[in-house]
Novice: 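Here it is, the structure in full.
For ligands, and for the atoms within them, numbers begin at 1 and follow the listed sequence. Only a predicted model underlies this, so the values are computations on that prediction, with no experimental measurement involved. Keep in mind that the numbers below use all heavy atoms, side chains included, and drop hydrogens, waters and symmetry copies.
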Amino acid sequence: MISLPVPASTSSLPEFKPAAGKDCVFEASGLAKDYDDGRVQALRGVDFRVSQGEFVAIIGPSGCGKTTLLQMLGALDHPSAGALLYRANSIPDLSDPAGYRAREIGFIFQAFHLLPTFTAMENVQMPMFETHLTAAERRDRAASLLKSVGLEHRLNHFPAKMSGGERQRVAIARSLANGPGVLLADEPTGNLDSENTELILELIIRLQKEQHMTLVLVTHDAGIARRASRTIQMKDGRIIADGTAPPIAS
Ligand code: ADP
Ligand code: MG
């Protein structure tokens, strides 16, 4: 097993207050999100807490608000109502949401979202430009991260020359660029065949454990959700079940 390099020096922002509750990473209360002037109510009052080191799966049918919720956690969009805290800091009120995303959060998307004109090495280094690492340090760290996801033989490949599983490995390495405490994964295996789904899932779970990260993984697949220590089930913008029991088939 290859251990990851130490996180970039700026990964833990001193300006973030410690959690109010014990090890509380996220806390949502009455969280709501409307689109199109209220014609679409994507989230209709969501309450939950996520603790440090938890692996939470969010499951529910297409359109129930999973991606919207993840976007709120990642400060990619603003809630319409309610409160949402990251370690006791209000996410919608963050003074530097881009810095929060770059240093505290790692994102993994279904569609990989790699930059097509950049190599694997360059894609992984992108978030590091938010830090004070030197060019040599960025390159060393990117190479180590790519090695840790089994891509030491693909460092200078472009995304178009890689398989879907390899592209998602690059995206995972990129998500870890600045040593985040939290991984947000939105249907990370949605574009992969069953063999790669298993490999990528194993990889994400292994890295989460090794790095003691908090993992919030969105899926519509009950089999994937069963791997989590806790499952939050959503329907029509609301949480309808939250616990360690197997999810209700949707
Ligand atoms: P899920 O990820 O569970 O499939 P989403 O969070 O993407 O669900 O969407 C929840 C609801 O909000 C859906 O009805 C969707 O059509 C709507 N929605 C999502 N994003 C937007 C947007 N940018 N503008 C308008 N409606 C949206
Ligand atoms: Mg979605």
Novice: Salt-bridge test for D242 and R230: reply yes if a basic N is under 4.0 Å from a carboxylate O, no otherwise.
Specialist: yes
Novice: Please lay out, stage by stage, how F112 and V170 fare under the test side-chain contact (heavy atoms from CB on, under 4.5 Å).
Specialist: CA-CA 8 Å; F112 321 133; V170 176; over 6 Å; no
Novice: Would a search of protein heavy atoms around atom 20 (N) of ligand 1 find one under 4.0 Å away?
Specialist: yes
Novice: Starting from atom 1 (P) of ligand 1, which protein heavy atom do you reach first, and at what distance in Å?
Specialist: G63 N, 3.4 Å
Novice: For P61, take its heavy atoms, then give the atoms of ligand 1 lying under 4.0 Å from any of them.
Specialist: 3 (O)
Novice: When you check the side-chain N and O atoms of R238 and Q41, is any donor under 3.5 Å from an acceptor?
Specialist: no
Novice: Taking the side chain as everything from C-beta on, heavy atoms only, tell me whether E54 gets closer than 4.5 Å to V25.
Specialist: no
Novice: Answer with yes or no after comparing the ring centroid distance for F158 and F118 against a 6.0 Å cut-off, counting only values under it.
Specialist: no
Novice: What residue and atom, counting heavy atoms only, is the protein's closest point to atom 25 (C) of ligand 1, and at what distance?
Specialist: Y35 CB, 3.3 Å
Novice: Where does D36 meet ligand 1, judged by heavy-atom distances below 4.0 Å: at the side chain, the backbone, both, or neither?
Specialist: side chain
Novice: Confirm or rule out an N/O/S atom of T67, from backbone or side chain, lying less than 2.8 Å from the Mg ion (ligand 2).
Specialist: yes
Novice: Who's the nearest protein heavy-atom neighbour of atom 15 (C) of ligand 1, and how far?
Specialist: V40 CG1, 4.7 Å
Novice: When you look for heavy atoms under 4.0 Å from ligand 1, do you find them on the side chain of T68, its backbone, both, or neither?
Specialist: both
Novice: Please identify which atoms of ligand 1 are closer than 4.0 Å to at least one heavy atom of S62.
Specialist: 4 (O)
Novice: Hey, does L183 have a side-chain heavy atom less than 4.5 Å from the side chain of Q211?
Specialist: no
Novice: Considering non-hydrogen atoms of the protein only, which is the closest contact for atom 8 (O) of ligand 1, and what is the distance?
Specialist: G65 N, 3.3 Å
Novice: Would you check whether A42 has a nitrogen or oxygen atom less than 3.5 angstrom from a nitrogen or oxygen atom of ligand 1?
Specialist: no
Novice: Please confirm whether the backbone N or O of A75 pairs with a side-chain atom of R101, one donor and one acceptor, at under 3.5 Å?
Specialist: yes
Novice: Taking 4.0 angstrom as the limit, do R141 and E137 come out as a salt bridge?
Specialist: no
Novice: Looking at atom 7 (O) of ligand 1, what's its closest protein heavy atom, distance included?
Specialist: T67 CB, 3.7 Å
